[in-house]
There are 2 protein chains.
Amino acid sequence: MKKAPTIRDVASAAGVSVSVVSRVLNPESGPVAPAKRDMVLRVIEDLGYRPRAAARELSVGHAPTVGLVVADLANPFFAQLADRIVWEARSHGVQVVVMTTQEDPHLEADSLDTLLDRSVGGVIATPTGANVEKWARLQSLGVNVVFVDRTIPELADVDVVSIENVDSARRATEYMLGLGHTRIGLITGPISTSTGRSRIQGYQAAHDSRSVPVDPQLIRDVPFRGDGGGDAVGSLLALPDRPTGIIVANTAQVQSAVRRLVQTGTRIPNDLSVIVFDDSPWTELTSPPLSIIRQPIGMLALHSLELVLGRMQGKLPDGQRTIEVNADFVPRNSCSPLVLTPTR
Amino acid sequence: MKKAPTIRDVASAAGVSVSVVSRVLNPESGPVAPAKRDMVLRVIEDLGYRPRAAARELSVGHAPTVGLVVADLANPFFAQLADRIVWEARSHGVQVVVMTTQEDPHLEADSLDTLLDRSVGGVIATPTGANVEKWARLQSLGVNVVFVDRTIPELADVDVVSIENVDSARRATEYMLGLGHTRIGLITGPISTSTGRSRIQGYQAAHDSRSVPVDPQLIRDVPFRGDGGGDAVGSLLALPDRPTGIIVANTAQVQSAVRRLVQTGTRIPNDLSVIVFDDSPWTELTSPPLSIIRQPIGMLALHSLELVLGRMQGKLPDGQRTIEVNADFVPRNSCSPLVLTPTR
DNA sequence: GACCGGAGTGGAACCGGTACCACTTTTGTA
DNA sequence: TACAAAAGTGGTACCGGTTCCACTCCGGTC
């Protein structure tokens with residue numbers, strides 16, 4: 001329980017001033033005679049000296065830290081995203097403070113305050129959609145913000161990394177339309193979120209291009225949390241003219257939706273063709289394995305971290321930046337042509 | 001991009017000294033006249049003042065922060081654990097710095113150094129099993145350490161929260177033995193980890209109590225990372241006298257193992273009875289739904305956080321503490337009696 | 001031989017809080 | 001009413017780094 005050595009301990013043990021030790025620690029900040037540098041390094045080693053982050057932060061005014069604000073780590077999508085970001089950040093000598101919002105704007109606001117207190121240089125977030133003014137304030141205080149997966153259109157000047165939501169939803173829908181399905185259920189995220197809206201847009205576009213009318217009843221936007229996916233499945237299947245295919249475009253609701261299908265004994269793909277937005281390995285462990293839109297989490301993580309670090313180092317030109325990475329459609333065996341198995 | 005107000009700005013704006021503002025901020029540290037308190041609070045509100053964490057940390061010598069060192073956030077087990085811990089910590093006003101080790105002792109050592117630099121008051125970790133001296137040093141520096149899920153026996157004085165590993169493995173094994181299986185494969189974690197050893201011990205105990213001999217060939221300890229689970233399944237099934245049941249007691253390898261079973265067309269439970277250690281919702285989405293040992297992640301999170309916070313506040317009596325929470329066995333449909341479906 | 005520029009160095013003022021101490025005012029009690 | 005105890009207040013030295021500045025040596029150049 002002895003206290004850790006400080007830079008002054010090192011300085012006196014090495015017979016130099018603290019300035020010299022500091023310059024050894026931060027080579028760019030000034031010259032040091034090679035002999036003294038070696039001496040200092042040896043003393044540092046001997047004493048097991050490590051600079052205290054708080055002192056440096058206080059002095060330089062900001063921390064080599066990025067905040068990561070995700071909705072829910074228990075959700076594999078966010079968990080994998082966090083994993084990759086934490087991992088990648090480490091190799092850049094940057095620490096990550098993880099906060100979760102549970103999709104609650106209040107908790108999100110809280111998180112931002114906390115990160116502000118920590119003087120983080122940047123924040124990567126999957127915003128709830130609220131707290132517009134709070135995000136703006138964060139930016140005005142010099143914190144670099146990157147939104148990943150979702151965005152808030154009202155906020156100009158925030159970098160965004162997402163998958164090609166419109167296109168992904170369009171491709172999934174076209175695939176089903178191509179199989180002959182004309183009544184396709186869509187379970188997506190809240191329309192208050194950009195992903196929710198974009199995926200509806202893609203779904204609509206696919207229908208338009210084939211001149212298939214869209215029945216609004218078939219579109220269900222459900223919250224990310226809770227059991228909305230299962231309920232939406234239930235109510236879609238209870239429709240008088242029930243859909244012959246379902247696209248679950250709300251990643252957080254995939255398990256809930258599939259569970260409901262299993263519970264109700266719905267045979268896939270005979271009774272219902274299914275495509276889900278997900279990338280969890282378990283989607284190939286069901287029978288049949290599910291056709292998925294695979295979200296390239298690694299790419300999302302990489303780009304968002306690169307953006308935020310680039311901003312923090314001022315290495316990026318001004319102006320908002322949007323990066324859209326494309327998501328693969330992975331057909332497996334959860335869809336079948338409508339003609340071969342007419343409904344009922 | 002204007003700079004944030006400091007405590008001195010608040011003091012002068014409120015017409016008081018910094019001492020008073022500080023006492024308003026930390027009520028326990030001294031009295032303040034109600035009128036002045038209100039005044040200060042109003043100014044704080046007006047200016048949008050927030051104390052800087054770094055300054056406080058430097059002054060008090062430690063941070064209201066716990067480090068969380070997990071192997072791999074992409075693994076749902078750790079992800080859920082992290083989620084609960086982060087969540088629970090917030091309600092205590094404590095922040096969590098998450099680090100991942102990817103099961104690599106070097107990265108683990110790195111992480112500990114980083115957390116030390118941050119002056120965290122405590123660390124919750126799923127240790128790799130190495131870095132014994134490093135953990136000890138951390139403790140000697142006054143950092144409270146709590147191991148969760150796994151432990152390192154060499155380290156006395158470290159609190160541990162885990163599930164009843166021996167007992168859980170014993171119950172799963174007894175269940176299978178009770179169904180008439182006598183050749184039961186066990187896929188567990190590395191014997192270098194406490195969980196790996198304990199689960200083998202429970203497996204052994206169950207056999208002993210029924211006087212069924214244990215064939216060492218049937219026990220496979222595989223690393224947490226990589227595809228060892230699938231490979232172990234493959235080699236177990238290739239055995240001349242292949243097992244009629246398998247217990248996957250390595251949570252991280254469950255998906256890999258099940259994937260191999262699916263790929264090889266093994267019929268569950270007809271060809272093989274299966275029990276896995278897991279708690280992911282997807283285990284009931286396979287067909288048949290898998291019988292599981294459910295790890296009570298919420299309890300692990302709660303207890304470990306309570307322990308570490310309790311230590312940090314000095315509210316706990318001295319002496320190492322071990323908490324074992326029990327894990328439920330949830331029978332579903334992946335096991336069948338041996339007598340009804342003889343092998344081959 | 002005077003002068004310049006740069007390498008190398010140490011002193012000390014910060015950064016923004018906390019906490020101790022000395023001091024003045026109020027309050028309570030005999 | 002007297003006086004001790006408690007409430008309330010401000011000044012200031014920390015905490016452990018960084019950074020600016022002044023200063024001393026050098027060698028090289030005209």
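Quick note: numbers below take in every heavy atom, side chains included, and nothing from hydrogens, waters or symmetry partners. So you know, we letter chains A, B, ... as the sequences are listed, proteins then strands, and number each from 1.
Legend: residues meeting salt bridge (Lys or Arg N to Asp or Glu O under 4.0 Å) with B:D83, ordered by chain and number and at least two apart, are absent. Partners of A:S119 under the side-chain hydrogen bond (donor to acceptor under 3.5 Å, both in side chains) rule, at least two apart in sequence or in another chain, are B:R52. Residues satisfying the salt bridge (Lys or Arg N to Asp or Glu O under 4.0 Å) test with B:R225, not counting sequence neighbours, are B:D72. In this view, A:S12 satisfies the side-chain hydrogen bond (donor to acceptor under 3.5 Å, both in side chains) rule with no residue, not counting sequence neighbours. Under the ring pair (Phe, Tyr, Trp, His ring centres under 6.0 Å) criterion, A:F78 pairs with no residue, sequence neighbours left out.
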Under 3.5 Å, which protein N or O atoms sit close to an N or O of nucleotides 23-28 of chain D? Give each pair with its distance.
none

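Only B:L58, B:S59, listed by number, bring a heavy atom of residues 44-65 of chain B to less than 4.0 angstrom from any atom of DNA chain D. In the region residues 22-36 of chain A, proximity to DNA chain D at under 4.0 angstrom, judged on heavy atoms, holds for A:S22, A:N26.
When each of A:L138, A:V308, A:V66 is paired with A:V123, the side chain to side chain contact (heavy atoms under 4.5 Å, CB included) condition holds for A:L138 and for no other.
Residue pairs meeting the side chain to side chain donor-acceptor pair (under 3.5 Å) criterion with at least one member in residues 20-36 of chain A: none, sequence neighbours excluded. Sorted by first and then second residue, the pairs that involve residues 87-99 of chain B and meet side chain to side chain donor-acceptor pair (under 3.5 Å), not counting sequence neighbours, are A:S111-B:R90, A:R118-B:Q95. Applying the salt bridge (Lys or Arg N to Asp or Glu O under 4.0 Å) definition to pairs two or more places apart or across chains, those involving residues 128-152 of chain A are A:E103-A:R150, A:D113-A:K134.
In this structure, B:V18 reaches the bases: a heavy-atom distance under 4.0 Å links it to at least one base atom across the strands shown.
Pairing analysis of DNA chain D (Watson-Crick: purine N1 to pyrimidine N3 plus N6-O4 or O6-N4; G-U wobble: N1-O2 and O6-N3; both under 3.5 Å) yields stems of 3 or more pairs at C:1-30 with D:1-30.
A donor-acceptor contact under 3.5 angstrom links the side chains of B:Q320 and B:T322, judged on distance only.
A straight line from CZ of A:R37 to C1' of C:dG8 spans 12 Å, rounded to a whole angstrom. Look at CZ on B:R8: it is 7 Å from C1' on C:dG17, rounded to the nearest Å.
One finds a side-chain N or O of B:S17 lying less than 4.0 angstrom from the OP1 or OP2 phosphate oxygen of D:dG10.
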